[in-house]
Amino acid sequence: MNNFQYVRAEGLDGAARFVAGHAGAKFIGGGTNLVDLMKYNVEKPSALVDLNRLSMHDVSELPDGGLRIGASVTNSDVAYHPTVSTHYPLLSRAILAGASAQLRNKATTGGNLLQRTRCVYFYDTATPCNKREPGTGCPAKEGINRTLAILGTSVSCIATHPSDMCVALAALGAVVQVTGPGGSRSIRFEEFHRLPGNHPEIDTTLAADEIITSVDLPKTGFAGHSAYIKVRDRQSYAFALVSVAAGLEVTDGVIAEAGVALGGVAHKPWRNSQLEQELLIGKPANRDTYHEFQRALLVGAQGYGENDFKLKLAPVTVVRALEQAAHEGEQA
Amino acid sequence: MTGQQALGETADLAVTTEMTVNGRSHTLQVEPWTSLLDLLREGLQLTGSKKGCDHGQCGACTVLVNGVRVNSCLCLAVMHDGDEVTTIEGLGSEGNLSPMQQSFVDHDGYQCGYCTPGQICSAVGMLKEGHAKTEADIREQLSGNVCRCGAYPNIVAAVKHVMSMGQTEGGR
Ligand SMILES: Cc1cc2nc3c(=O)[nH]c(=O)nc-3n(C[C@H](O)[C@H](O)[C@H](O)COP(=O)(O)OP(=O)(O)OC[C@H]3O[C@@H](n4cnc5c(N)ncnc54)[C@H](O)[C@@H]3O)c2cc1C
Ligand code: SF4
Ligand code: FES
Ligand code: FES
């Protein structure tokens with residue numbers, strides 16, 4: 001790990017201005033991803049600004065009936081928060097499917113969104129990697145890519161975003177609140193993470209000097225009909241190969257509202273709300289509907305060798321998650 | 001890490017950090033890149049907490065910070081100013097073992113013992129969290145603690161026993 005300056009942020013403005021004014025300075029939340037990457041010399045910040053003493057620790061109800069989750073609330077505290085587990089069970093399940101209890105106790109809401117890919121080349125400074133060092137190449141395309149993307153890839157990068165929580169947040173249609181030296185703004189979750197394109201070194205639409213202050217959930221939480229299915233190499237404490245977060249509202253057997261997102265398949269949680277409008281909403285909640293939706297959602301999927309199995313795994317996982325969501329609460 | 005850096009510049013970067021470890025308060029000058037695990041082991045000579053992977057993957061370094069279990073290898077010590085840290089040494093001592101420590105002995109919950117301090121701190125933290133009700137829950141919620149010897153059945157038995165007694169321990 002390199003030497004760096006440590007700063008305890010006292011206020012949002014000061015913290016953002018410090019990072020804006022110091023090349024190589026970064027924010028730190030729980031540190032469970034950043035410190036790990038620093039130990040591999042993948043991240044080499046000149047200074048770390050600790051956000052944990054700012055007042056971003058609350059979960060509070062919004063006037064429109066939604067829920068605001070402060071950026072410093074730990075993943076555990078979100079998952080077990082009574083309002084979250086009752087009204088947004090999809091989010092609780094996704095969080096609890098990720099990492100370990102110790103890591104969830106430390107990891108923060110803001111940091112979870114900004115965790116980097118687990119592509120092995122990204123972690124290994126002895127190899128080229130366009131995400132770590134732009135322009136050096138992408139050995140993963142012909143190499144170790146079992147965990148990597150099948151959708152939205154580019155010539156430059158086929159990495160996946162590894163978060164479970166973000167898959168649920170995408171399906172729920174969350175909004176990310178951020179603030180920086182230029183002021184505050186709201187980012188729709190679908191626009192928060194980006195595809196790699198020619199700039200795989202940039203994961204999100206957040207600027208380096210912007211702070212995530214909260215993640216806001218809309219009123220609808222799919223409390224009655226939701227499922228998070230995570231397929232992985234072992235039953236616990238492993239990253240997703242493919243995961244699906246599905247939320248439905250079903251009235252008299254017809255789908256009234258839907259949110260479906262996939263993890264483990266792309267550089268960002270994979271959701272297409274237009275297809276949900278066209279192929280799910282107003283349609284009967286049955287297998288045929290889910291299959292038609294799945295086929296459209298996964299158009300253009302491409303394997304790179306080791307990860308070819310995802311081309312078969314993703315479709316069946318989408319259908320299974322939708323079926324499980326639709327039947328949630330029914331007697332077996 | 002600690003002690004290996006050139007003086008001069010690094011001395012300027014050190015941050016005053018107050019921490020209570022196993023009930024004893026310390027005021028320390030800490031270099032920002034020192035992990036809590038290294039501070040405990042090398043700075044305070046509390047070598048009970050183990051370094052298995054140093055990357056959050058094995059749980060051998062698990063300690064309780066303000067009663068909450070975390071991987072001390074991924075904690076920067078400077079971020080724990082004002083915190084209360086409990087390590088395996090703080091749970092009990094020879095001849096005066098804590099219930100969880102005693103239960104690991106009684107149930108043969110270890111073989112080589114390397115993962116054991118982390119397993120015990122994690123189990124103590126899990127019971128305080130109060131979300132585990134069944135044996136399957138114990139297995140799931142202790143999955144962050146890997147045992148290379150595969151002592152899992154006896155670890156689960158040891159934890160289940162303490163869970164059935166319904167008491168918690170280990171700091172605030
Ligand atoms: C062994 C292991 C297994 C794991 N398994 C899983 C898994 O199965 N599923 C899963 O989803 N995750 C998994 N994780 C990843 C874990 O979820 C992340 O490390 C964690 O969520 C990151 O949160 P943090 O607060 O610790 O982030 P940090 O490490 O503190 O920060 C991450 C990034 O976010 C930035 N940042 C932090 N907070 C803010 C903010 N408020 N505003 C702006 N920038 C900010 C930092 O500058 C940094 O770039 C695993 C991690 C490990 C080590
Ligand atoms: S897939 Fe992306 S992260 Fe992995 S080696 Fe290629 S450029 Fe790097
Ligand atoms: S040493 Fe910390 S988790 Fe392995
Ligand atoms: S007892 Fe040897 S690693 Fe667990």
Side-chain angles (χ1 to χ4, degrees), chain A residues 1-9 26-53 72 74-77 79-80 85 92 96-108 111 115 118 123 232 234-239, chain B residues 1 5-6 9-10 12-15 17 30-38 53-59 61-83 118 121-123 125-126 128-132 136-137 139-146:
Chain A
M1 201 174 340
N2 63 300
N3 292 359
F4 59 88
Q5 186 189 351
Y6 170 75
V7 182
R8 277 176 202 133
K26 282 186 84 79
F27 302 113
I28 185 164
T32 61
N33 190 227
L34 186 51
V35 173
D36 189 24
L37 289 167
M38 286 164 67
K39 290 184 181 192
Y40 286 108
N41 284 318
V42 174
E43 298 274 12
K44 288 166 282 194
S46 61
L48 287 184
V49 178
D50 183 352
L51 300 177
N52 291 287
R53 276 154 218 262
S72 300
T74 65
N75 290 180
S76 298
D77 285 347
Y80 292 116
S85 45
S92 294
L96 294 176
S100 67
Q102 289 98 312
L103 288 161
R104 296 190 296 262
N105 282 344
K106 194 88 202 316
T108 63
Q115 61 175 298
R118 309 303 285 204
Y123 264 81
R232 43 185 159 169
R234 58 179 179 203
Q235 218 184 338
S236 186
Y237 203 20
F239 285 95
Chain B
M1 262 196 269
Q5 309 288 341
E9 186 207 353
T10 64
D12 298 340
L13 293 173
V15 178
T17 307
V30 181
E31 292 158 333
W33 45 88
T34 309
S35 70
L36 178 58
L37 178 60
D38 284 343
C53 65
D54 214 19
H55 290 284
Q57 297 171 356
C58 75
C61 65
T62 303
V63 301
L64 301 162
V65 174
N66 303 330
V68 176
R69 55 178 167 158
V70 295
N71 307 82
S72 62
C73 69
L74 292 184
C75 297
L76 295 177
V78 286
M79 290 173 68
H80 293 283
D81 184 49
D83 284 349
C121 286
S122 188
M126 181 188 78
K128 283 167 87 84
E129 288 159 14
H131 303 300
D137 292 346
R139 288 177 181 276
E140 167 59 34
Q141 293 183 30
L142 287 181
S143 71
N145 292 83
V146 177

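Convention: sequence-line order gives letters A, B, ...; per-chain numbering from 1. Computed from a prediction, not measured in an experiment: that's the story for all the values here.
- Between A:Gln102 atom CD and B:Cys61 atom SG the span is 8.0 Å, to the nearest 0.5 Å.
- Nearest approach of A:Tyr237 to B:Gly56, heavy atoms of both residues: OH-O, 2.6 Å.
- Heavy-atom minimum distance, B:Asp54 versus A:Lys39: OD1-NZ, 2.8 Å.
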| task | Just do the side-chain contact (heavy atoms from CB on, under 4.5 Å) check on B:Trp33 and A:Met38 with the steps written out, would you? | result | CA-CA 9 Å; B:Trp33 45 88; A:Met38 286 164 67; over 6 Å; no
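- Residues B:Glu31 and A:Asn3 bring no donor and acceptor atom of their side chains to less than 3.5 Å of each other.
- Counting all heavy atoms, side chain and backbone alike, B:Leu76 lies closest to A:Phe4 at CD1-CZ, 4.0 Å.
- The shortest non-hydrogen separation linking B:Leu74 to A:Thr32 is CD1-O, 3.5 Å.
- Neither the backbone nor the side chain of B:Val65 comes within less than 4.5 Å of any heavy atom in chain A.
- Annotation: the span from B:Arg69 atom CZ to A:Ser76 atom OG amounts to 8.0 Å, rounded to 0.5 Å.
- Listed here is the closest heavy atom pair of B:Ser143 and A:Ser236: OG-OG, 2.7 Å.
- When A:Asn33, A:Leu96, A:Asp50, A:Asn52 are compared by the number of non-hydrogen pairs under 4.5 Å with chain B, A:Asp50 comes out ahead.
- Contact count against chain A (heavy-atom pairs under 4.5 Å) is highest for B:Met79 among B:Gln57, B:Met79, B:Gln141.
- In this structure, B:His131 and A:Tyr80 have parallel ring planes: the angle between them is below the 30° cut-off, well short of the 60° mark.
- Contacts with chain B were tallied for A:Gln5, A:Arg8, A:Lys106; A:Arg8 has the most, counting heavy-atom pairs under 4.5 Å.
- Of the residues considered (A:Arg53, A:Arg104, A:Arg234, A:Gln235), A:Arg53 shows the highest number of contacts with chain B, using heavy-atom pairs under 4.5 Å.
- Under the salt bridge (charged side-chain N to carboxylate O under 4.0 Å, His left out) criterion, B:Glu140 pairs with no residue, sequence neighbours left out.
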